[in-house]
Amino acid sequence: MKNTVVVIGMGELGSVFARGFLRLGHPVQAITRAMDINSMASEIPNPEAILVSVGEADIAQTLQSIPANWQDNLILLQNELLPRDWQAANLPTPTVISVWFEKKKGMDSKVVMPSPIFGKHAKLVFNALAQVDLPSFIVDSEEELLFELVRKNLYILTTNIAGLETGGTVSQLAENHADVMKAVADDVLDIQDFLTGRSNNREELMQGLLEAFNGDPEHGCMGRSAPARLKRALAIADKANLQVSKLRQIAQDKL
């Protein structure tokens, strides 16, 4: 029998990956909030991998709680994820996937574009997604991974926050509200530069943003998490003393 894959957070996304792992022949053990993670780490001391699929708001606490014998085998997939998140928990570089498909209750997964993966379990993740007909690809370096993570953050935050003002779809945002999109994206990238400690390539990232828009032009801008994302972004901006004037104007008008 193949080794067990542990899934922490068996929501919609976690369930998609779990199905892929099962089809590869790996037993899957779900970890819920009610379970003692340290007891489970004693019962399953050498899992094949541990997928962390909790929400963005829970990721920091979850990473701090990972038992020592599991820390080398993590797979992370959260939105708004950056290296600082696992570094803050003193964890080694995990396997990371930037998920570009959407999974909602009662609906099949909807692909925007192939999902990039990096890390020692990249092939496992690639194969699991192939089992459930979801496209992905493996990137070669941490530099490429960082670009992909910042691009996903740019997409999620720009569409959600701009959508609070404009509503509509991503194609309508790009075509009819380009000024709003650009202003929000500039503020978002100021925050990403602070969080990554570097000046990211804005031209390439904006091209990557429009590429993602083209992958699903009818994707709605404003998800239910948009207000919370804006509040988190402003909290970071305040800490970094960033102006982010467009984000502040939208917060004043819409929150």
* Asked: Does Glu48 have any side chain to side chain contact (heavy atoms under 4.5 Å, CB included) partners at least two apart in sequence or in another chain, and if so, which?
  ->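 Glu48: side chain to side chain contact (heavy atoms under 4.5 Å, CB included) contacts with Asn3, Val5, His26, Leu124.
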* To do: With sequence neighbours excluded, tell me which residues meet side chain to side chain contact (heavy atoms under 4.5 Å, CB included) with Asn127.
  =>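 Testing Asn127 for side chain to side chain contact (heavy atoms under 4.5 Å, CB included), a comparison that skips the adjacent residues, returns Leu24, Lys123.
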Do the charged groups of [X] and [Y] touch, with an N to O distance under 4.0 Å?
X      : Y      : value
Arg202 : Asp193 : yes
Arg198 : Glu143 : yes
Arg151 : Glu211 : yes
Glu102 : Lys104 : yes

Please examine the side chains of [Y] and [X], heavy atoms only from C-beta on, and report whether any two atoms are closer than 4.5 Å.
X      : Y      : result
Arg248 : Ser245 : no
Asn79  : Lys152 : yes
Pro27  : Phe21  : no
Ile50  : Ile75  : no
Thr4   : Val28  : no
Val54  : Ile8   : yes
Phe118 : Pro116 : no
Glu204 : Phe147 : yes

* Applying side-chain contact (heavy atoms from CB on, under 4.5 Å), run through Leu82 and Leu146 and close with a yes or a no. => CA-CA 7 Å; Leu82 289 169; Leu146 183 61; 4.1 Å; yes
* To do: Could you tell me which residues satisfy side chain to side chain donor-acceptor pair (under 3.5 Å) with Asp186, sequence neighbours excluded, listed by chain and number?
  =>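 Asp186 satisfies side chain to side chain donor-acceptor pair (under 3.5 Å) with Lys182 only.
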* Contact summary for Ser65 and Ile37, nearest pair of heavy atoms ->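 For Ser65 and Ile37, the tightest heavy-atom pair comes out as O-CG2, 3.8 Å.
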* Asked: What pair of heavy atoms forms the shortest contact from Lys2 to Gly25, and how long is it?
  ->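 Smallest heavy-atom distance, with atoms named: CB-O, 3.7 Å.
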* Tell me, with the steps shown, if Val52 and Gln78 meet side-chain contact (heavy atoms from CB on, under 4.5 Å). => CA-CA 8 Å; Val52 179; Gln78 287 69 22; 3.7 Å; yes
Identify all side-chain donor-acceptor contacts of residues 162-172 below 3.5 Å with residues at least two apart in sequence or on another chain.
from	atom 1	to	atom 2	distance (Å)
Glu165	OE1	Lys246	NZ	3.2
Glu165	OE1	Gln249	NE2	3.4
Glu165	OE2	Lys246	NZ	3.4
Thr166	OG1	Ala162	O	3.2
Thr169	OG1	Ser171	OG	3.1
Thr169	OG1	Gln172	N	3.2
Thr169	OG1	Gln172	OE1	3.4
Ser171	OG	Pro217	O	3.1
Gln172	OE1	Thr169	N	2.9

* Asked: Pick from Leu189, Leu195, Val188, Asp187: which one makes a side chain to side chain contact (heavy atoms under 4.5 Å, CB included) with Ile191?
  ->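 So the option named by the test is Leu195.
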* To do: Please report the C-alpha distance between Asn73 and Lys120 in whole Å, then the side-chain angles of each, then the deciding distance to 0.1 Å, and finally whether the side-chain contact (heavy atoms from CB on, under 4.5 Å) criterion is met.
  => CA-CA 8 Å; Asn73 281 313; Lys120 74 175 187 177; 3.1 Å; yes
* Tell me, which pairs form a salt bridge (charged side-chain N to carboxylate O under 4.0 Å, His left out) where one or both residues lie in residues 25-39, sequence neighbours left out? ->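 For residues 25-39, and leaving out neighbouring residues, the salt bridge (charged side-chain N to carboxylate O under 4.0 Å, His left out) pairs sorted by first residue read Arg33-Asp58.
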* To do: Quick one: which residue pairs count as a salt bridge (charged side-chain N to carboxylate O under 4.0 Å, His left out) with a foot in residues 222-232, not counting sequence neighbours?
  =>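 The answer is Glu56-Arg229, Glu80-Arg229, Glu80-Arg232.
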* To do: In sequence, state the C-alpha distance, the side-chain angles, and the governing distance for Leu129 and Phe17, and then conclude on side-chain contact (heavy atoms from CB on, under 4.5 Å).
  => CA-CA 7 Å; Leu129 291 178; Phe17 283 84; 3.7 Å; yes
* **Residues Gln192, Asn200; criterion side-chain hydrogen bond (donor to acceptor under 3.5 Å, both in side chains); working and verdict** => CA-CA 8 Å; Gln192 295 299 302; Asn200 293 283; over 6 Å; no
* Looking only at side chains, do Ser42 and Asn38 share a donor and an acceptor under 3.5 Å apart? ->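 No, Asn38 and Ser42 have no side-chain donor paired with an acceptor closer than 3.5 Å.
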* Would you indicate whether Glu12, at its atom CD, is surrounded by more than 12 heavy atoms from other residues, nucleotides or ligands within a distance under 6.0 Å? =>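 Yes, the 6.0 Å shell around CD holds more than 12 heavy atoms from other groups.
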